[in-house]
Amino acid sequence: MHSVRAGAYNSDEVLTVTSNEILKQWVDEVRELTQPDNIHWCCGSDEENQQLVNGMLGNGELIELSKETHPGCYLHRSDPDDVARVEHVTFICTPEREDAGPNNHWMEPTEAKAKMRDLYDGCMQGRTLYVVPYCMGPIDSPLSRCGVEITDSPYVVVNMRMMTRMGSAALARIEREGTFVKGLHSIGELDPDRRFIMHFPEDLMIQSFGSGYGGNALLGKKCHALRIASFQARSEGWLAEHMLIVGIENPQGETHYVAAAFPSACGKTNLAMLIPPAEYDGWKVWTVGDDICWMQPGEDGRLWAINPEAGFFGVAPGTSKNTNPNALASLNSNAIFTNVGVTADNQPWWEGKDEMVPVTDWRGNPYDPEVGPAAQANSRFTVPMKQCPSYSDKAEAPRGVPISAIMFGGRRERLVPLVIESKSWQHGVLLGASMASETTAAAIGEVGVVRRDPMAMKPFCGYNFADYWAHWLSFADRSNHLPPIFHVNWFRKDEAGQFMWPGFGDNMRVIEWVIKRSKGEVDIKPTAIGGMPHSSDINVNGLDTDLGALLEVDRDAWSVEMEQIREYLEQYGDRLPNQMLKELDQVVADLG
Ligand code: GTP
Ligand code: SPV
Ligand code: MN
């Protein structure tokens, strides 16, 4: 561990920590601006982690959970006004507003930098400045990219250590490569009115102030691995997506990898580690990633994907031994729980977990169901991926895994069938761009409102969606072995408001069909909106489900939907690729 006292700071000392001049200079500039008491360069060791944990146990930032049931597990209670991502104060700061597009909030870079400078001025007085080098993706993968986060939050440091490859190995790669994303983060005073998440894609730079929560503060995650990376990916010819990566091994030992994009809190973590129904004896599910996927065409023309992360930052509520036993089994040790309740015997608890009764709610008050839930709706667990029983060691493979199918999906109570196959790559891009979903507690704002969320990237694309769709379309020229694209919906409800599809492990039944299609083993029923399965091709043995209703295509309702999609796409004006409207016109014509 390198600890440099700010007072005694001199450039010789920093020289011993890193040979990278740009990094040295940047740390020095930030030190001058923020005026921390101490500077600490993180190496990522167990001892360092323990010291940080001990410090937080001392000041109450962490609370130790039961040593008997949950060794090495801690509870963190965030500020009650700081519990989710803040999209309304998240900005893409490109010189031209048009480059950020109608999908993003935009601020002129000079103005944004000046605003942030004011906020950062002296903000680390009395605090320690942590320098956190990290690598997104396996340390030795050519697809990986590095960054350095400067933060004044030890909670961020211990989370980044689980979520990324953090410490000395990452710093060594940065020194070898020379390039890295610069992320500056301060929790400030946690004042919601002085909270901004700024992105400067052209400078590979992120500046975050005023929040200690998840995607606002763990800068490797959404800020770097999606907003900055999507911008980089466009110029370098790859894709940075809000997708899980799951491997499905059949009883013959053949494994197919599927990448799937669902909006926040719409089922990625669950699908990534599902346990198949009893019928699927001999099948295995392998988790490569649960949130982010970076992919590019390999020499064989297929898309090859890595998960840039090393841990899960998963939604706690609803996680149970019935819905997601693999997640639950990952959480018995070495996990951090943020904003959950606690039982009398000091175990973490959230709604839907089990029959235990919480005594304390997420704010630390005595639990009273009249007041509200024990766990905040967006409460989360942080845990290293390797603790998951379905962890795939392919998550460390430098070249990643080949993708056999891509799935898009949202939370749609009505209209959208259980599964649709796109007619072509181009039509698949339209399917992705047409995604809509009910909003969830993952971001501050109203919950349950249907909004367009193309490719589940609405909050995460670092540039104009019109250019993003053009980039997706361009893959048709980059490769002749692209995976087929599907759209799924686990969330259809009947008149009584009940889910029509059992979901969770039973989603395996749809994935089995998707893989069969990718191998050309079954036919589809062509319709205006895409290929539909023959009912007999989806295994519903043992289920009491009206598959017919789930696969229905309501022509009139779809005509209305297509016009709404057209209206949405037309916002993007001249920049919208023609191909998108061509695909849309074809669907409308086929609907008749
Ligand atoms: P982020 O981490 O925010 O990106 O979310 P995520 O996409 O990983 O979502 P997650 O798997 O954590 O699921 C969020 C919520 O959806 C949980 O409350 C789950 O219980 C619920 N959920 C997940 N899969 C299904 C499903 O197949 N059917 C139904 N009805 N609910 C589901
Ligand atoms: C999401 O909101 O999609 C998440 C959680 O995965 S956060 O890290 O806060 O972005
Ligand atoms: Mn997510």
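Counting convention: from 1, in listed order, for ligands and their atoms alike. None of these values were measured; they are calculated from a predicted model. All residue numbers in this chain count up from 1 along the given sequence. Computed from heavy atoms alone, side chains included, the values below leave out hydrogens, waters and symmetry copies.
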Checklist entry - What residue and heavy atom of the protein are closest to atom 32 (C) of ligand 1, and at what distance? => result F504 CZ, 3.2 Å
Item to check | Atom nearest to the Mn ion (ligand 3) - D291, N, O or S atoms considered | outcome: OD1
Checklist entry - When you look for protein heavy atoms under 4.0 Å from ligand 2, which residues do they belong to? => result R85, G214, G215, K221, K222, H242, S264, D291, F313, R380, A442, F460
Next on the checklist: Within the 4.0 Å heavy-atom shell around H242, which atoms of ligand 1 are there?
Outcome noted: 4 (O)
Item to check | Pick from W501, F491, F313, F312: the one approaching atom 29 (C) of ligand 1 most closely through a non-hydrogen atom | outcome: F491
Checklist entry - Which residue and non-hydrogen atom of the protein lie closest to atom 18 (O) of ligand 1, and at what distance in Å? => result P317 O, 3.4 Å
Checklist entry - Is the closest basic N to carboxylate O distance between E355 and K321 below 4.0 Å? => result no
Checklist entry - ligand 1 versus T319, non-hydrogen atoms closer than 4.0 Å: side chain, backbone, both, neither? => result neither
Next on the checklist: Closer than 4.0 Å to some heavy atom of R411 - which atoms of ligand 1 meet that?
Outcome noted: 15 (C), 16 (O)
Checklist outcome for this item: Ranked by distance from atom 9 (O) of ligand 1, the top protein heavy atom is G267 N, 2.9 Å
Checklist entry - Is ligand 1 less than 4.0 angstrom away from at least one heavy atom of T323? => result no
Item to check | Of the listed options K268, R492, R380, closest to atom 2 (O) of ligand 1 (non-hydrogen atoms) | outcome: R380
Checklist entry - Less than 4.0 Å between a side-chain N and a carboxylate O, is that true for R411 and E438? => result no
Item to check | Contact with ligand 1 for G352, non-hydrogen, under 4.0 angstrom | outcome: no
Checklist entry - Side-chain donor-acceptor pair under 3.5 Å between Q296 and W304, yes or no? => result no
Next on the checklist: At under 4.0 Å between heavy atoms, is it the side chain or the backbone of N507 that contacts ligand 1, or both, or neither?
Outcome noted: side chain
Checklist entry - Does C266 approach ligand 1 within less than 4.0 angstrom via side chain, backbone, both or neither, non-hydrogen atoms only? => result backbone
Checklist entry - Any N/O/S atom of G215 sitting less than 2.8 Å from the Mn ion (ligand 3), backbone or side chain? => result no
Checklist entry - So which of F486, F262, W472 actually passes ring-ring contact (aromatic ring centres under 6.0 Å, His included) with F408? => result W472
Checklist entry - If we only count N/O pairs under 3.5 Å, is A265 in contact with ligand 1? => result yes
Next on the checklist: For atom 19 (C) of ligand 1, what's the nearest protein heavy-atom neighbour? Residue, atom name and distance, please.
Outcome noted: N270 ND2, 3.8 Å
